[in-house]
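Scroll down for the structure; my scribbles are underneath it.
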Amino acid sequence: MKLRTKELILCALFCALTAVGAQLTIPVPYGAITLQLLFMLLAGLMLPPLMSFLSMAVYVLLGLVGAPVFAGFSGGFSSITSPTFGFVIGLALSAPLISALFRALKKRWQLFPAALVAGLAGILVTYLCGAVYGYFVMTLVLTKEVTLWFILWNWCLIYLPFDAAKLLAAAAITPALFKRIPSLR
């Protein structure tokens, strides 16, 4: 598939927004509250599946090659040993899922509820990737004894209210963006 200039610009825009969103952080004991998820949700809702995947995959690759695009201006291949790197992987996997599900649902539902359901599915996939990856890094790489409950509580459940607010914001923005930018439909 050949992407047009406009499509490449949109992919780059969501990649850049995600990188900027990663730097807007509120530190918490086992990670940080960032806006990465908000921009991944918007990429999934606004872009077709391939483009949303590309925007997040480029974000991940930029970080892995050393660009300081991850939270706290971090980056580099050593990021894969971070227990929270699974959430970054989850961004790349969730964006095309959100996109495909949203495009299917919006044919039968209004944009707002379709965006909510698709976004919720994406958040759950992101949490799943983050929790599983984090558990294995904590236990196998860092040799710490942690329980699944510890991972779920400290890396998923305490973030749920903030991520629900991001989902509501993305779902609320989506109808207005679709109205103003017809080519996104």
Side-chain angles (χ1 to χ4, degrees), residues 11-45 47 49-101 118-167 170:
C11 288
L13 173 67
F14 281 104
C15 174
L17 287 170
T18 305
V20 169
Q23 308 320 317
L24 305 171
T25 63
I26 300 171
V28 293
Y30 294 99
I33 297 166
T34 70
L35 292 181
Q36 290 165 297
L37 186 79
L38 172 67
F39 294 118
M40 180 277 295
L41 289 167
L42 286 171
L45 294 170
L47 303 175
L50 177 62
M51 289 174 55
S52 64
F53 172 74
L54 287 175
S55 68
M56 293 300 111
V58 168
Y59 167 73
V60 174
L61 291 174
L62 280 172
L64 288 176
V65 298
V69 296
F70 298 147
F73 292 100
S74 63
F77 193 72
S78 64
S79 298
I80 64 169
T81 61
S82 167
T84 58
F85 187 71
F87 291 99
V88 175
I89 294 169
L91 297 176
L93 297 177
S94 296
L97 167 77
I98 291 168
S99 179
L101 185 56
L120 180 60
I123 289 173
L124 292 176
V125 168
T126 303
Y127 279 12
L128 179 65
C129 291
V132 170
Y133 192 92
Y135 179 78
F136 283 109
V137 168
M138 291 288 284
T139 58
L140 298 177
V141 177
L142 302 177
T143 62
K144 299 205 183 258
E145 288 190 34
V146 294
T147 63
L148 184 58
W149 175 248
F150 173 88
I151 298 292
L152 289 175
W153 177 256
N154 288 294
W155 291 350
C156 299
L157 297 178
I158 63 169
Y159 294 99
L160 195 55
F162 303 102
D163 292 341
K166 294 171 204 172
L167 174 58

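Computed over heavy atoms, backbone and side chain alike; hydrogens, waters and symmetry mates excluded. Just so it is clear, the structure is predicted and the values come from calculations on it, not from any experiment.
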- prompt: Is there a donor-acceptor pair closer than 3.5 Å between any side-chain N or O of S79 and the backbone N or O of G76?
  reply: yes
field: Pairs involving residues 53-66, ordered by first then second residue, that meet side-chain hydrogen bond (donor to acceptor under 3.5 Å, both in side chains) (sequence neighbours left out)
entry: Q36-Y59
query: Are side-chain heavy atoms of T147 and I151 found at a separation under 4.5 Å?
result: no
message: I need the F162 CZ to I26 CD1 distance, nearest 0.5 Å.
response: 6.5 Å
field: Heavy-atom side-chain contact between F70 and Q23 under 4.5 Å
entry: no
query: Closest heavy-atom contact between L54 and C11?
result: CB-SG, 4.3 Å
message: Closer than 3.5 angstrom, by distance alone: can the side chain of K166 be matched with the main-chain N or O of T34 as a donor-acceptor pair?
response: yes
task: Say whether, by atom type as modelled, one donor and one acceptor occur between the side chain of S99 and the main chain of L45 under 3.5 angstrom.
output: no
- prompt: In Å and rounded to the nearest 0.5 Å, what is the OH to CD1 distance from Y159 to I123?
  reply: 14.0 Å
field: CE on M40 to CZ on F87, rounded to 0.5 Å
entry: 11.5 Å
query: Of the non-hydrogen atoms in L140 and T143, which two are nearest, and what is the gap between them?
result: O-CG2, 3.9 Å
task: For the residue pair V125 and C129, establish whether any side-chain heavy-atom pair is separated by less than 4.5 Å.
output: yes
message: Tell me the closest heavy-atom pair linking W155 and P83, and the distance in Å.
response: CH2-CB, 3.2 Å
field: Separation between CG of L91 and CZ of F14, rounded to the nearest 0.5 Å
entry: 13.5 Å
query: Looking only at heavy atoms, what is the nearest atom pair of F53 and A92, with distance?
result: CD1-O, 3.3 Å
task: Please tell me if the side chains of I98 and L41 come closer than 4.5 Å, counting only heavy atoms from C-beta onward.
output: yes
message: Would you compute the distance between atom CZ of F136 and atom CG of L142 and round it to the nearest 0.5 angstrom?
response: 14.0 Å
message: Quick check: do C15 and L62 have side-chain heavy atoms less than 4.5 Å from each other?
response: yes
query: With sequence neighbours left out, which residue pairs that include part of residues 127-136 fulfil the side-chain hydrogen bond (donor to acceptor under 3.5 Å, both in side chains) condition?
result: Y127-D163
message: When you measure from the side chain of E145 to the backbone of T139, do you find a donor-acceptor pair of N or O atoms at a distance under 3.5 Å?
response: no
message: Minimum heavy-atom separation for A131 and L152, please, with both atom names.
response: CB-CD2, 4.4 Å
task: Working to the nearest 0.5 Å, report the span between CD1 of I33 and CG of L24.
output: 12.5 Å
field: Pair T126, S94: side-chain N/O donor-acceptor within cut-off below 3.5 Å
entry: yes
- prompt: Minimum heavy-atom separation for A118 to L101, with atom names?
  reply: CA-CD2, 3.7 Å
